[in-house]
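Start at 1 and go down the list; that is how both ligands and their atoms are numbered.
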Amino acid sequence: MSPLPSTVLSRADLDFLLHDWLRVGELCSREHYADHSRETIDAVIDLSAELATRYFAPHNRKADLTEPRLVGEEVELIPEIGEALRRFAEADLVGAAMDSEVGGMQLPYTAYLACMAWFYAANISTAAYPLLTTGNANLLLAHGTPELVERYVTPMIEGRYFGTMCLSEPQAGSNLADITTRAEPREDGTYRLFGQKMWISAGEHQMAENIVHLVLAKIPGSPAGTRGISLFVVPKFLVDEDGSLGERNDVVITGLNHKMGFRGTVNTMPTLGQGLHTPGGEAGAVGYLVGTENTGLKQMFTMMNEARLGVGLGATAIGYTGYLKSLAYARDRPQGRPAGASPETPQVALTGHADVRRMLLAQKSYVEGALALTLYCARLVDDERSGTPEQAAEGKALLDVLTPIAKSWPSQWCLYANELAVQVLGGAGYTIDYDVEQHYRDNRLNPIHEGTHGIQAQDLLGRKVLAGGGAGLAALTDRVLATCARGDAAGGEPAEMAAQVRSGCEDLIAVTGTLAELGSADPPAMLANASVYLEAAGHLVIAWMWLEQLLALGDRTADESDSFAAGKVRAARYFLRWELPTNDARFALLRSADRTTLDMRDEWF
Ligand SMILES: Cc1cc2nc3c(=O)[nH]c(=O)nc-3n(C[C@H](O)[C@H](O)[C@H](O)COP(=O)(O)OP(=O)(O)OC[C@H]3O[C@@H](n4cnc5c(N)ncnc54)[C@H](O)[C@@H]3O)c2cc1C
């Protein structure tokens, strides 16, 4: 008897997306990825699936029930988190997508994200530690001096140091222009930092020899706003020239935030420069400037863009595992009979009811659509890294415009998938006896961190689609329309879907023009529509992803003989028939440039 399919993630779906659709193996004919092959890629994914299932999934609930505790200056976590991360690092996964010259595996980014999807689905809060660490290391590889790289990045890749990103402050979340953490220059070229950070994930724990904080701060006299922000490495322990740990730095956790989900990722309030430690006999957290003064936010975007894709993938993975678990439950639970059936007949499983199938199909269409989008974005990263100059430029242009969508759409709709998973289980879904309620709570973070939904919307409409006089939008719509042309050529259902997607694409182009015109006279009126615009663009992009998947099935027969293909076709059909038409209302609202929210006043609430 074959083993039960995994409820963490679907390997069959990943294989289809990676190999049948994105042809990841072909990347290995490029020089950059010449050391890899389909076999090595599959082997790393196999390993990730095994580690995620064996070491990450089992403590997902325990970490949720056993919140991190601050004891003195130290944070206590359940030991299983450290054990899982030790296994992760031993498998060389921290540097899996980094260049071999810095000690990485130089795996195609698409394959790397497929690996990470297993860890995010199995246990998002344990997997958040390496997400932050790799993002931190990649930023330093892009902008740090060789000395900073040697001192901090190498131990991060080896799994000895962990990283954080310290942007937010109590008064500055969405708008980092208002940060007040101060960095005073010292004669030896270092800086001393003073201030209060807020919400910092993984800010303290005993799982690593050292913690490398990347901190945004302002140097006195620097320009106001974001143009005066600089970036610093602030290690928990100073590192001596020979790599050994030196004095304890003056960065201390003074409180923890207690959250509704993601509880295994400790969330901290670091205080810098309070004199709780006095490195070099002086209060002030020692910091090392990354790059040049006042360019910190630009550099931070290296990490934030990567993290945004990671957040989108995390949201997708949590949605995906919730879908698989609700499907397994629905197949197993007898309840009632089909409408009109005699009470003498046996009960049917929940999947015997069309409304339950609706909830399962909705989840399937969201999570498989979102997984396709995040992997497609990863494939664009690979084009940037390893393609011809034309492929790299096209990849970058498209990635710029897709990143806010890839962050926000899964965060909204795979969260909704988790809500549907709870609903599929009925009363059981509302109890802690089943995982789906935790998945919902965990996933609720994703529309908030790494730039809220509203901030992503402003980024998409206010910057990305209008960039280069509309070149951003064209980068996207050209690709969408090219897929539609392939759909036309295929005929049948793909051609029908292509007509729908093309019509949606034309709506998006027209409405972007209307909003751009509005924005040139009245920017707040344009941005008041940004969230609806993001949602409309997101639905269109996912419909495009479904058309792509349909085409990737080729001439597979979508019936009993091939249930994978049959399921894909039904999920594509569901999305195109039940979801994409909801864009009509969004486009109508956008066309009307409605001012209801803009003109509403505080005192009228
Ligand atoms: C669990 C967790 C982990 C986190 N981890 C980190 C971390 O590791 N490092 C880090 O630096 N930060 C971290 N954050 C902080 C996170 O990035 C911020 O919470 C987020 O950016 C929002 O900032 P805020 O909480 O101050 O909300 P606010 O900025 O006050 O926003 C509140 C609401 O107002 C809206 N809003 C705000 N400004 C505007 C505007 N100009 N236009 C339209 N709408 C607006 C927002 O969209 C949101 O809905 C974390 C947060 C949480 C909850």
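At the shortest separation from atom 27 (O) of ligand 1 among protein heavy atoms lies S174 OG, 4.3 Å. Protein heavy atom at the shortest distance from atom 26 (O) of ligand 1 is G173 CA, 3.3 Å. Counting only heavy atoms of the protein, atom 20 (C) of ligand 1 lies nearest to I448 O, 3.6 Å. For atom 39 (C) of ligand 1, the nearest protein heavy atom (residue, atom name, distance) is I455 CD1, 4.1 Å. Scanning the protein heavy atoms around atom 47 (O) of ligand 1, the nearest turns out to be T452 OG1, 2.6 Å. At the top of the distance list for atom 8 (O) of ligand 1, counting protein heavy atoms only, stands S201 N, 3.0 Å. Here the protein heavy atom with the shortest distance to atom 3 (C) of ligand 1 is N267 ND2, 3.1 Å.
The aromatic rings of F88 and F119 sit perpendicular, their planes meeting at an angle over 60°, well past the 30° parallel limit.
For atom 49 (O) of ligand 1, no protein non-hydrogen atom is found at a distance below 4.0 Å. Shown here, atom 33 (C) of ligand 1 is out of close reach of the protein: none of its heavy atoms lies under 4.0 Å off.
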Open item on the list: Run the side-chain hydrogen bond (donor to acceptor under 3.5 Å, both in side chains) test on Y430 and Q423 for me, step by step, so that the C-alpha distance in whole Å, both residues' side-chain angles and the decisive distance to 0.1 Å come before the verdict.
Closed with: CA-CA 8 Å; Y430 198 62; Q423 194 69 17; over 6 Å; no
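Not close to ligand 1: H453, with no non-hydrogen atom less than 4.0 angstrom away. Within the 4.0 Å heavy-atom cutoff, L445 counts among the residues contacting ligand 1. Within the 4.0 Å heavy-atom cutoff, Q458 counts among the residues contacting ligand 1.
Close contacts of ligand 1 with E450, meaning ligand atoms under 4.0 Å from a residue heavy atom, involve 17 (O). The atoms of ligand 1 that sit less than 4.0 Å from any heavy atom of K259 are 1 (C).
Taking a 6.0 Å sphere around CZ of R444, one finds it holds 12 or fewer heavy atoms contributed by other residues, nucleotides or ligands.
Of the possible donor and acceptor atoms, none in the side chain of D522 sits under 3.5 Å from a partner among the backbone N and O of L518. In this structure, K464 contributes its side chain and D400 its backbone to a donor-acceptor pair below 3.5 Å.
Side chains of D594 and T596: a donor on one and an acceptor on the other come within 3.5 Å. For the residue pair Y152/E147, the side-chain donor-acceptor check at 3.5 Å is not satisfied. A donor-acceptor pair shorter than 3.5 Å can be found between the side chains of H539 and E579. Using a 3.5 Å distance cut-off with no hydrogens or angles, the side chains of N249 and H277 do not pair a donor with an acceptor.
Smallest separation of non-hydrogen atoms from G103 and I157: O-CG2, 3.8 Å. Of all heavy-atom pairs between T316 and C414, the closest is CA-SG, 3.8 Å. The minimum heavy-atom distance between I200 and L167, with the atom names listed, is CD1-N, 4.0 Å.
Considering S168, G203, S531 only, the shortest heavy-atom separation from atom 12 (N) of ligand 1 involves S168.
Taking only nitrogen or oxygen atoms, main chain and side chain alike, L167 reaches within less than 3.5 Å of ligand 1. By the 3.5 Å distance cut-off applied to N or O atoms, W199 is counted among the residues near ligand 1. Between M165 and ligand 1, an N or O atom pair is found at a separation short of 3.5 Å.
Within the 4.0 Å heavy-atom criterion, neither part of K197 lies near ligand 1.
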